[in-house]
Structures are given as C-alpha cells and as structure tokens.
Amino acid sequence: MNTFNLKHTLESGQFFRYDPMGEWNYLAERDKFFKIRQIGKKIEFVGTSPEHINRLFGLDQKYSKIIKNLAEDETLIPALEKYNGLRIMQRDPWETLVSFQCSIMSNIKKIKLNLNLIAKEFGKPLALDSVKQHSFPNPGEINDLDRVKSCATGFRARYIHAANALVDDKYFENLRKKKYEDAHSELMELPGVAAKVSDCICLFALDKMQAFPVDVWIERIMKETYPETKNMKNDEIRQFAWDRWGKNAGYAQQFLYHWARLKD
DNA sequence: GACCAGGAATTGG
DNA sequence: CCAATTCATGGT
C-alpha cells in the first residue's frame, strides 16, 4: 500500500465525526459507523468494507506521484516530510456540504458538535461495540427549521434547511461527473455556499483535486510563504495556486493548511 | 472593504 | 454562580 497516515488525515480538518478511543477511532458518516486504527503501517478496521476505506481515505490515489510532483516546490518539502501520509479524503458529498455550511464563522470543535446534534435530531441510532452514534440524515430529511436551530447551528440553520430541499444524492453524482469549474459554480447557487465552501466540497467529496479552498489559515500561510501573494485577493491566490501546482493544488493546500495550524 | 451573522468558551466579578 | 467579554470565520 502507498503511504498513509491516519492521524494526520483525520486531524486535518476534512472530517469531523470521529472519536478516538484508545487505539481505535470511531467514525460516522451518513449511514456508516465503523472503527479504524493504524499500528505502524498496518490499517485495521471493523464495520465497513475495504472498498469504502479505500475510497474514503483516498488510498487509490497515486500518492507518491503527487508528492514527488509537489516536492519540486522546495518550500513545500518540510510540510511534505513532516506530514507524510496525509491524504485528501473522498467523503459523502451531502454530509460534506452540511459540514462546511456549519464551518462558517465556526471552529472544528463546534462543527463537530453541530453535526452530532443534527445526527441525533434527524438520524437513526447506530452502535458499534458499546459505542453509540447516529446516522446522518439523508437529503430531504433535515426538514424542520426549528429543529435545525436546536442543533446550535444559529444563522446557518436556514442555509442547511434550504439546501436540504434543493439537493439529493443524484444531484451530487451529476456534479461529480462535471468538470471542476462547472461543479464549483453550481454549488455556489446553494445558500450558504460561496467560493470557499464550494471548494471544500469539490476537493473533499467530488474528486476535484485542483480545488484550492482559501480560508483564513491558507491566506495567512500563503502570504507568509510566498511574498508575491502578499496583496492578492482570495481568487487571485487560487489562480496563483493553479499556476504553481496545477491539478495537485488541492494537495498543496492540504499540507499548507495542516502546517499553518500546527507549526507554532 | 464593510458589515453581518449566533453561539460556545472563557474570563471577570 | 452568573454576566460580560472574547473568540473565530465566511457569506452577502
């Protein structure tokens, strides 16, 4: 198997409903609830299929090729080495959409709280070993604005509630087939989805590996690392990223993000 | 570029 | 303990 580091991957702001318990990590996404651990190079999991694991953690990507390509940019090398094995996940698009609608003016801890409350409020009970969880509701099932508000979502509740009525799983499968630019702009038609949130969905759920979400962390680290971006606006930073890293821009972003958040 | 958004977490009393 | 303040971030 290619290089994979479970810890780096889970802790890099792509996935929220996971709980470490001893060596194991319990993960919930949509109707799946499973546990996974990594000991040395060995990955073990219970509660889902190898296909799902390969897909979710991007284990079928040409990782060494991507890293080798990014390493041509010398400034990335420290991050590439330190967080070797960090993968871009390929998640369920619907839960990813709601996750990043929740991310507006929020933080990882609170996003996690919001998603678990939504699952508890609208999903079905699940259990593995003696650990309890809830499935994430399907599109169309988050259909009561007051109950969405009761999940501590605040002003985001109306975004989530409105998007819930506009999409279904098929909508996302169609987006997956489209090219990045089209998928990106279509997603922005949804309430609570502007460029950044759209890029997160493209990158983490729709196989659009050139997507380059620019949040405050990326903006900061880009301007520190590449002085020529100092006065750029976010969409100019994205263009800079594509000029520099092309189709691997998404991976560059993920390493930079993790580096920016953990370096100090 | 300014303005706005709701709640959790933390601090101060 | 409760009240006040801080924190954190992206959409419009």
Side-chain angles (χ1 to χ4, degrees), chain A residues 11-19 88 91 93-122 142 144-167 171 175 180-206 208 210-225 229-241 249-250 252-264:
Chain A
E11 291 178 354
S12 63
Q14 314 177 56
F15 190 92
F16 306 97
R17 294 208 296 145
Y18 74 94
D19 290 297
I88 288 183
R91 304 193 39 205
W94 163 240
E95 189 168 338
T96 304
L97 164 63
V98 178
S99 300
F100 286 97
Q101 284 179 312
C102 288
S103 77
I104 304 169
M105 203 182 102
S106 192
N107 52 62
I108 290 173
K109 194 172 174 184
K110 204 184 148 196
I111 297 166
K112 192 170 170 175
L113 173 73
N114 291 151
L115 293 171
N116 281 324
L117 288 172
I118 290 170
K120 198 180 242 177
E121 183 67 29
F122 294 96
I142 308 184
D144 182 326
L145 182 57
D146 286 334
R147 283 165 65 209
V148 186
K149 282 187 176 155
S150 79
C151 300
T153 50
F155 66 92
R156 307 161 198 83
R158 63 188 174 87
Y159 299 153
I160 297 164
H161 180 255
N164 172 72
L166 293 172
V167 306
Y171 165 90
L175 282 184
Y180 164 67
E181 291 79 4
D182 293 343
H184 186 261
S185 55
E186 267 196 52
L187 281 167
M188 286 176 63
E189 293 171 13
L190 298 173
V193 182
K196 189 270 177 183
V197 169
S198 181
D199 268 326
C200 288
I201 302 163
C202 285
L203 182 61
F204 301 136
L206 296 175
K208 306 293 182 268
Q210 70 271 58
F212 194 84
V214 182
D215 68 356
V216 290
W217 294 94
I218 287 294
E219 186 183 352
R220 199 176 302 150
I221 198 73
M222 285 294 284
K223 288 177 179 177
E224 279 175 23
T225 312
T229 65
K230 193 85 184 169
N231 296 309
M232 289 185 183
K233 292 188 294 185
N234 286 358
D235 58 339
E236 295 171 318
I237 294 178
R238 288 162 82 221
Q239 189 59 56
F240 176 89
Q253 183 273 163
Q254 200 58 22
F255 277 96
L256 286 166
Y257 177 85
H258 207 46
W259 178 261
R261 290 181 55 101
L262 299 183
K263 72 186 169 72
D264 294 322

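Just so we're on the same page: letters track the sequence lines, and every chain starts at 1. Remember, predicted model here, so these are calculated numbers, not experimental data.
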Quick one: does NZ or CZ of A:K196 land under 6.0 Å from the six-membered ring centre of A:F100, within 45 degrees of the ring axis?
no
Could you walk me through whether A:Y257 and A:Q14 pass side chain to side chain contact (heavy atoms under 4.5 Å, CB included), step by step?
CA-CA 11 Å; A:Y257 177 85; A:Q14 314 177 56; over 6 Å; no
Rounded to whole Å, the CD-C1' distance (A:E219 to C:dT9) equals 11 Å
Whole-Å distance separating the CD1 atom of A:I218 from the C1' atom of C:dA8
17 Å
Return the minimal non-hydrogen interatomic distance between A:R156 and A:S106, and the atom names on each side.
NH2-CB, 4.1 Å
Taking it one step at a time, do A:F16 and A:N114 satisfy side chain to side chain contact (heavy atoms under 4.5 Å, CB included)?
CA-CA 10 Å; A:F16 306 97; A:N114 291 151; over 6 Å; no
Sorted by number, the residues of residues 193-203 of chain A with heavy-atom contact under 4.0 Å to DNA chain B
none
How many Å lie between CZ on A:R156 and C1' on B:dG7, as a whole number?
7 Å
Nearest-angstrom distance from the residue atom CD1 of A:I160 to P of B:dG7:
12 Å
Quick check on C:dT9: is either OP1 or OP2 less than 4.0 Å from any side-chain nitrogen or oxygen of A:W217?
yes
Atom-pair distance (CZ on A:R158; P on B:dA5), nearest Å:
9 Å
Within the distance-only criterion (no hydrogens, no angle test), does the side chain of A:E236 pair as donor or acceptor with the backbone N or O of A:K233 below 3.5 angstrom?
yes
I would like to know whether A:Y159 and A:L97 meet side chain to side chain contact (heavy atoms under 4.5 Å, CB included); could you show each step before the answer?
CA-CA 10 Å; A:Y159 299 153; A:L97 164 63; over 6 Å; no
Is a side-chain donor or acceptor of A:D199 paired with a backbone partner of A:H184 at a separation under 3.5 angstrom?
no
Are any protein N/O atoms closer than 3.5 Å to N/O atoms in nucleotides 1-3 of chain B? If there are, list each pair with its distance.
none

Rounding to a whole Å, what distance do you find between A:M188:CE and C:dG10:C1'?
12 Å
For A:K208 and A:I201, indicate whether the former's side chain and the latter's backbone hold a donor-acceptor pair under 3.5 Å.
no
Closest to the A:Y159 side chain, choosing from C:dT12, C:dA8, C:dG10:
C:dT12
With DNA chain B as reference, determine whether A:I104 or A:A152 sits nearer its 5' end, using the nearest nucleotide of each.
A:I104
Rounded distance in Å between the P positions of C:dA8 and B:dG12:
15 Å
Using a 4.0 Å heavy-atom cut-off across all strands, classify A:K109 as base, sugar-phosphate, or nothing.
sugar-phosphate
Full working for side chain to side chain contact (heavy atoms under 4.5 Å, CB included) between A:L187 and A:L206
CA-CA 11 Å; A:L187 281 167; A:L206 296 175; 3.9 Å; yes
Between C:dG10 (P) and A:D215 (CG): distance, integer Å:
5 Å
Between C:dG11 atom P and A:H184 atom NE2, what is the distance in whole Å?
9 Å
